[in-house]
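Computed from a predicted model, the values in this text were never measured in an experiment. Within every chain, numbering begins at 1; the chains are lettered A, B, ... in the order of the sequence lines, protein sequences first and strands thereafter.
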Amino acid sequence: METARIAQILSEMGTLLEVRGENPFRCRAYHNAAQTLKGLPSDLSEMIADGRLAETPGIGTTMFSKIVQLATTGHLPAYDDLRRATPPGLVALLRVPGLGPKKIKVLHDELKIESLADLRVAGEAKMIAPLKGFGAKTEQKILDGISFVESVGDRILQSKARRLVAPILEAIRQHPLVLRAEVCGSLRRRAETIGDLDILFSAENPVPVLDHFVKLPEVATVLAHGPTKASVRIADGVQCDLRGVEDSQFPFALHYFTGSKAHNIAIRRRALAHGYSLNEYSLSGEKGSVACKTEADLFAALGLAYIPPELREDVGEIEAAEKGPLPPLVELSDLTGTFHCHTDWSDGQATLEEMAQAAQSLGLTYLGIADHSRSAGYAGGLSIERVRQQWAAIDALNETFGGKFRIFKGTECDILGDGSLDYPDEILDGFDYVVASVHSSFGMPRDEMTARIVRAAANPRVTMLGHPTGRLLLARDAYAVDVDAVIEAAAKAGTMIEINASPHRLDLDDIHCRRAKAQGVTIVVNPDAHSTGGLADLDYGVGVARRAGLGVADLFNSAPLAKVAEALERRRKARH
DNA sequence: GCCGTTTTCGGCCCGACTGTTTTCAGTCG
């Protein structure tokens with residue numbers, strides 16, 4: 001069985017145990033193990049065989065044997081039993097704000113509630129309020145919560161989160177009492193999708209700031225409002241939490257509210273082992289508390305190098321920071337240019353000139369234009385004749401740059417059903433580079449899809465693979481494909497793989513990016529821009545690269561123009 | 001279920017807020 005599926009099963013077991021009111025630490029062990037599996041550095045069966053899995057922290061003897069059983073037989077009796085014994089609708093109750101394992105257990109035991117529908121009926125019949133530990137307010141909160149769960153998906157795209165948080169952060173920073181304010185949480189870690197918005201500020205007296213916050217025009221509902229913390233729901237039901245601390249507490253609080261939860265738990269455990277207690281206000285030991293001006297001071301006090309937010313997932317970053325400074329992560333400003341951009345020659349909105357202009361104003365020194373290929377009729381794919389016309393247009397435009405900027409001639413060439421490409425070889429040979437992507441027959445069986453993309457990855461005329469899994473975040477799953485096999489094929493052929501930086505895609509994701517790097521695959525950050533504004537999406541791709549631990553040297557498009565041009569030319573010549 | 005710089009048993013990160021309570025349990029992050 002596939003590693004991702006095993007992780008999914010373990011995580012589901014954790015959740016099932018939760019709603020059954022099991023020991024929360026036992027539940028967490030399952031979630032932790034699932035998380036660990038997802039971030040494994042190499043192939044699972046390999047790691048089982050050579051004993052590395054058994055030595056992985058968080059995988060004990062019991063978990064190890066469960067994973068082995070799933071990996072080899074594809075079945076786990078404990079899982080089947082758990083599913084059989086737990087009403088399937090019970091898990092959905094966990095998503096209702098204010099309902100946790102304990103309350104769900106009471107509802108199940110006392111009122112035989114097994115689903116959201118049961119819960120609504122009970123609430124409307126006023127049967128919940130009389131239960132011990134419940135009350136009229138809780139009942140109403142549950143009814144509101146059911147409507148919320150039914151009307152809203154639980155996560156949003158990073159791009160939407162940034163858009164929503166910006167005016168609120170600005171309003172907090174504008175408040176005269178506020179000294180510092182930052183976005184924390186999964187948004188600061190640049191996670192793929194965001195659950196809620198977290199903002200931290202410092203002030204001598206946080207109360208007036210919180211009072212101001214809950215009255216902002218963006219606020220739809222106030223969920224909680226205390227002297228140091230307030231939670232509200234804003235547009236589209238997105239939750240936004242604001243916390244206020246004293247300025248001396250800011251670094252501790254910033255670290256704490258940035259998370260991840262798993263990282264925080266590991267760091268606090270480490271603090272305990274060093275004779276300290278860490279909370280969101282201070283790091284204190286027997287000799288009093290340790291003053292820290294920055295997060296870096298906090299890490300240093302625990303014997304660790306600074307860990308950037310993007311790496312804080314407790315998947316080995318703490319162990320790495322123990323050994324010394326972490327290798328610097330790539331920055332947006334390191335990018336020298338990019339590939340995989342569209343123009344109005346196919347389905348883009350801007351002209352060649354406008355795209356080139358926009359790239360230059362972002363400080364880029366080259367731009368790869370990769371309009372769709374001829375099969376992509378829905379996206380205005382270019383006929384061979386149009387390709388030749390575009391080449392001439394690009395040549396003419398390049399003349400005007402005087403060598404200071406260059407447009408590379410590319411194509412986003414469809415990978416056809418059999419893994420072949422959408423233009424004949426002599427046309428492909430005329431491009432500076434070829435991005436190969438799947439845009440059709442998403443429903444193929446896994447073996448067939450894998451063979452299809454592996455064939456493209458091995459094609460010497462393919463420079464880089466575009467959005468290798470085809471997923472659309474919160475909208476469409478990846479097509480069935482063995483990504484590790486694709487990475488292996490790309491590594492063997494020297495084919496690059498893109499991080500598609502569109503906030504809807506982020507494909508490759510950070511986890512596969514790590515594996516690709518480990519296999520020696522060069523990564524390229526591409527915005528898949530369909531307008532001049534789309535170039536700004538590069539920043540989301542840099543976020544993925546950083547989460548994957550990539551530095552400047554791991555990316556293709558962080559090299560100077562001359563080197564990039566030379567590398568593309570070398571690869572073109574190698575085809576013959 | 002995991003794990004060991006007091007430990008192979010008994011802990012497991014820690015605090016804010018709410019709503020139910022007459023001092024705290026549950027939830028959340």
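- Listed pair A:Arg269 / B:dC14 fails the phosphate criterion, with no side-chain N or O lying under 4.0 Å from OP1 or OP2.
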Run the salt bridge (charged side-chain N to carboxylate O under 4.0 Å, His left out) test on A:Lys105 and A:Glu22 for me, step by step, so that the C-alpha distance in whole Å, both residues' side-chain angles and the decisive distance to 0.1 Å come before the verdict.
CA-CA 10 Å; A:Lys105 185 164 166 43; A:Glu22 260 291 343; over 6 Å; no
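- For A:Tyr256 against B:dG15, a side-chain-to-base donor-acceptor contact under 3.5 Å is absent.
- For the pair A:Ser277 and B:dC13, the criterion of a side-chain N or O lying under 4.0 Å from OP1 or OP2 is not met.
- Distances shorter than 4.0 Å separate none of the side-chain N or O atoms of A:Tyr281 from OP1 or OP2 on B:dC13.
- Here the side chain of A:Ala29 is nearest to one of B:dC13, B:dC2, B:dA16, namely B:dC2.
- Using C1' as the reference atom, B:dC2 and B:dC13 are 15 Å apart when rounded to the nearest Å.
- Computed from coordinates, the A:Asn23 CG to B:dC12 P distance equals 12 Å when rounded to whole Å.
- For A:Thr138 and B:dT20, the shortest distance from a side-chain N or O to OP1 or OP2 is below 4.0 Å.
- When the C1' atom of B:dG29 is taken as reference, atom CG of A:Leu223 falls 13 Å away, rounded to whole Å.
- In terms of polar N and O atoms assigned as donor or acceptor, the side chain of A:Asp196 never comes within less than 3.5 Å of the base of B:dG29 in a complementary pairing.
- The shortest distance between the side-chain N/O atoms of A:Lys66 and the OP1/OP2 oxygens of B:dG1 is below 4.0 Å.
- A:Met13 places its CE atom 8 Å from the P atom of B:dG1, with the value rounded to the nearest Å.
- Distance, A:Ile128 CD1 to B:dT20 P: 12 Å, rounded to whole Å.
- Of the side-chain N and O atoms in A:Arg268, none sit less than 4.0 angstrom from OP1 or OP2 of B:dC13.
- In this structure, A:Arg190 pairs ionically with A:Asp539, as a charged nitrogen and a carboxylate oxygen lie closer than 4.0 Å.
- Taking the six-membered ring for Trp and the full ring otherwise, the centers of A:Tyr281 and A:Phe252 sit at least 6.0 Å from each other.
- For the C1' atoms, the distance linking B:dT8 with B:dC3 amounts to 9 Å, nearest Å.
- The nucleotide B:dT8 finds no pairing partner, because no Watson-Crick or G-U wobble arrangement with both distances shorter than 3.5 Å includes it.
- Between A:Glu182 and A:Arg173, at least one side-chain nitrogen of the basic residue sits less than 4.0 Å from a carboxylate oxygen of the acidic one, meeting the salt-bridge criterion.
- The side chain of A:Lys137 sits closest to B:dT20 out of B:dC2, B:dT20, B:dG29.
- Counting only heavy atoms from C-beta on, A:Ile265 has its side chain closest to B:dC13 among B:dC13, B:dG29, B:dC14.
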